[in-house]
Amino acid sequence: MASVKTAADTQRYHGLSKDDLVGLYRTMYTSRRTDDEEIRLKKLNLVFFQISGAGHEAVLAAAGKALQPGHDYFYPYYRDRALCLQLGMTVKEMLCSSVGAAEDPNSGGRQMPSHWGHRRLNIVSQSSPTGTQFLQAVGAAEALVKYKDLEGEYPELKGQAKGDEVVYVSTGDGATSEGEFWEALNSACNLKLPVLFLVEDNGYAISVPVDVQTAGGNVADLVRNFPNLHWVGEVDGNDPVASYEVLTKAVAYCRARKGPALVRAKVTRPYSHSMSDDETKYKPADLRSKEAEADCLKTFADFLVKEGILTKDGLEKLHAEILAGVRKASEEAQASPQPPVHTATTYVFSPNVDPTSDRFVSTPKPEPGAQGETILQSINYALRDEMKRNARIVLFGEDVADASHEEVLSDLKGKGGVFGVTWGLQKQFGGKRVYNSPLAEANIVGRAIGMATLGFRPVVEIQFFDYIWPAMMQIRDELGYMRYRSNNAWASPVIIRTAYGGYLGGGAPYHSQCGESIFAHCPGLRVVLPSCASDAAGLMRTALRSEDPVLFLEHKHLYRQPYAKEPYPGPEYTVPFGRARIVRPGADVTVVTYGALVQRSYMAALELADEGIDVEVIDIRTMQPLDFETIAASARKTGRVVIAHEDTMFCGFGAEIAAKLASECFMDLDAPVKRVAALDTPVAYAPKLEDVILPQKDSVKQAVREVAAF
């Protein structure tokens, strides 16, 4: 077979040589036979799950050929085995994932097979939730563009991006029903980002046909008028040559920074969705027969023989060689040991930077004559100083900029968030580092994850805690899990700022919510809740200098409270996570609290002192990690504990502290642990109702009296 392209080849095969064509078929056949080997091993109970890329191999091999491993970035989905093979992942690496081997480069045995990830090849760790990859791919593309935009002003960013990278993200037809697909496409088009969206349309999302999923049965028709979008409504994804032609043009469009591209490829699914599925229950026999005739392995093999590129004997020889290689890789993978059990807890958090360590212990160094600053202003100063120090820090979210259009800034005071926390930062650092986002919480967090994965340190704002829930999938399943699921190959140290809590009056059910215990329940996520100005600055700086994702909860009621004011502690002040603050020492009863209840508990303690009850007040400061040692030491000293928090009682964080006290300090307690919390109801609008619903100073006092009298 010829290895040199002729003019006829170039015209006939769109730039592919005969060797290239054979190479594409090799990838396709290897992919299918690797699927078959996994199926065989699953039937022998030697692997534990199987989902195939069968039917998708042609367009994926072409995509891998059109893109550059280690240069471009890849956010694949579970059918993309052939893409990963074409990029350079080996069969053994794939089967190591199947058997859960420690040497699996995808996840170190932590994820199901076909959850692709490979640091050297720039394949970013993939998860199971369908659609979460879209926004992360947009964030990655945003990072690549931003590196080039900022390198002139910040020489330390020079060379972080070449300037022509493309971010590939793929999906089945079903996942285009997810809202994050539309959010991602909107932002990619609006920002003209180099994202290649490949829709692999096999007609079914498990058992649901595409006409039930999508209006008109073709998602490409619905998006063709998006601005700046290179659009290909349909290509025969069973034909690798036609697919390569379309994809190379789409890639060139993205490389030229003209905007994103969307290609919809019609493919087949000759196997059931997974080995847990049986497509004969819902897929008509005549359709399955038609798909078998259109199978890309069959049609492309026929093409190669017809074109004289391979003989039938050559095809059989190639098949035998690939089968032998797959079986050899399978034997090697089966011999690879699973991870040692002691590694079960490694890489939940960064192994390199421990935010609880003494390196973050520091002494406040306010400027001479410094006045007390509010929590709000202290956070602003901490962000300002860290942005001076680290060019990779960017701020975005709803309304966080001073003004979206910079040309009007000189005539305006500037917004800086609905509470003004980020006021002035855009004017100081420019619109490429401080900017507004769409009103879409998943968009904010998902893009931040993608940016952080490529080295930026995004600080994003969710305007009100009450509206964080659209981003919950990105926070719980993506942000917190990225490092763990990739076995430390990838990480996303994002700081999410959000205003939470009540006590302002008029907040009502959707502007006064707590719920922080839910996030403390998310592995891989730090949860921080400052209650005074110096802690707000120090904890924010620790968050920015650590390597873990942080939910930074800022209580609205505390933003401007005079009692929370303190001089700004200086640009190097840090506070370690997991170190509680003893607000008031005492000998009789311990009150464990945080947030807006710190001051109420402190005032209660002062008044209870007049009654002869000496109360120790502890502000935990961080919920994850929790400084239980300080709580336990106090409990052993006083023998009596009250836990006070603003969140609802049932399943509130106080229950976790109470359970640990019962488990570890039972013999030291002289009374039952008592909790003070909000009623198990939303916060009402009427101030009189809010006062009854939320815990007050007198609620804490009464609980302390009862515990002291027990």
Side-chain angles (χ1 to χ4, degrees), residues 27 29-54 57 60 64 69-70 74-129 133 271 274-276 322-351 453 477-478 480-491 523-524:
T27 297
Y29 192 80
T30 302
S31 180
R32 185 71 61 89
R33 296 293 82 89
T34 305
D35 275 330
D36 291 342
E37 179 63 12
E38 274 188 344
I39 291 169
R40 184 183 76 85
L41 295 175
K42 176 68 172 69
K43 290 177 178 178
L44 295 172
N45 292 320
L46 296 173
V47 305
F48 321 110
F49 179 77
Q50 204 283 328
I51 190 166
S52 82
E57 296 97 341
L60 290 170
F74 301 89
Y75 286 79
Y77 94 118
Y78 50 81
R79 303 274 186 224
D80 283 18
R81 185 188 299 280
L83 170 85
C84 296
L85 286 168
Q86 186 68 38
L87 294 175
M89 195 181 294
T90 68
V91 174
K92 180 186 175 182
E93 289 174 330
M94 292 182 170
L95 293 177
C96 277
S97 177
S98 308
V99 301
E103 63 177 296
D104 158 36
N106 298 275
S107 73
R110 295 179 170 200
Q111 291 215 86
M112 288 176 166
S114 299
H115 287 53
W116 313 113
H118 202 292
R119 183 76 205 201
R120 179 176 59 82
L121 301 173
N122 287 352
I123 302 172
V124 181
S125 175
Q126 174 209 327
S127 66
S128 289
Q133 71 271 28
Y271 297 173
S274 71
M275 286 194 71
S276 303
I322 290 170
L323 281 169
V326 169
R327 185 56 60 90
K328 181 176 184 291
S330 176
E331 292 169 355
E332 292 174 352
Q334 290 175 65
S336 299
Q338 292 185 16
V341 294
H342 74 267
T343 65
T345 57
T346 57
Y347 305 137
V348 175
F349 295 108
S350 168
T453 304
D477 288 339
E478 302 294 328
Y481 285 9
M482 180 66 79
R483 186 186 296 276
Y484 184 82
R485 77 179 192 222
S486 68
N487 203 28
N488 203 38
W490 302 95

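Excluded from the calculations below are hydrogen atoms, water molecules and symmetry mates; all remaining heavy atoms, backbone and side chain alike, are included. For clarity, every value in this text was computed on a predicted model and none was experimentally measured.
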Legend entry - Donor-acceptor contact below 3.5 Å, side chain Asp104 vs main chain Ser107: yes
Legend entry - Side-chain (Ser31) to main-chain (Thr27) donor-acceptor, under 3.5 angstrom: no
Inset, instruction - Would you please name every residue forming a side chain to side chain donor-acceptor pair (under 3.5 Å) with Tyr29, sequence neighbours left out? - result: Arg33
Legend entry - Cationic tip of Arg483 above Phe349 ring, under 6.0 Å, 45° of axis: no
Inset, instruction - Report the residues that fulfil side-chain contact (heavy atoms from CB on, under 4.5 Å) with Tyr78, sequence neighbours left out, ordered by chain and then residue number. - result: Ile51, Ser114, Gln126, Thr130, His273
Inset, instruction - Please report the shortest heavy-atom distance between Glu38 and Leu95, naming the atom on each side. - result: CG-CD2, 3.6 Å
Inset, instruction - Applying side-chain contact (heavy atoms from CB on, under 4.5 Å), run through Lys43 and Ile39 and close with a yes or a no. - result: CA-CA 6 Å; Lys43 290 177 178 178; Ile39 291 169; 3.8 Å; yes
Legend entry - Glu331 and Arg327 ion-paired at < 4.0 Å: no
Legend entry - Charged N-O contact under 4.0 Å between Glu57 and Arg81: no
So do the side chains of [X] and [Y] get within less than 4.5 Å of each other, counting heavy atoms only?
X: Met275; Y: Phe49; result: no
X: Ser336; Y: Lys92; result: yes
X: Phe74; Y: Leu87; result: yes

Legend entry - Residue pairs, two or more places apart or on separate chains, that pass salt bridge (Lys or Arg N to Asp or Glu O under 4.0 Å) and touch residues 333-347: none
Inset, instruction - Answer with yes or no whether the side chains of Ser125 and Arg485 bring together a donor and an acceptor at under 3.5 Å. - result: yes
Legend entry - Asp35 side chain to Gln50 side chain, donor-acceptor N/O pair below 3.5 angstrom: yes
Inset, instruction - Go through the steps for His115 and Ser128 under the test side chain to side chain donor-acceptor pair (under 3.5 Å), then give the verdict. - result: CA-CA 7 Å; His115 287 53; Ser128 289; 2.5 Å; yes
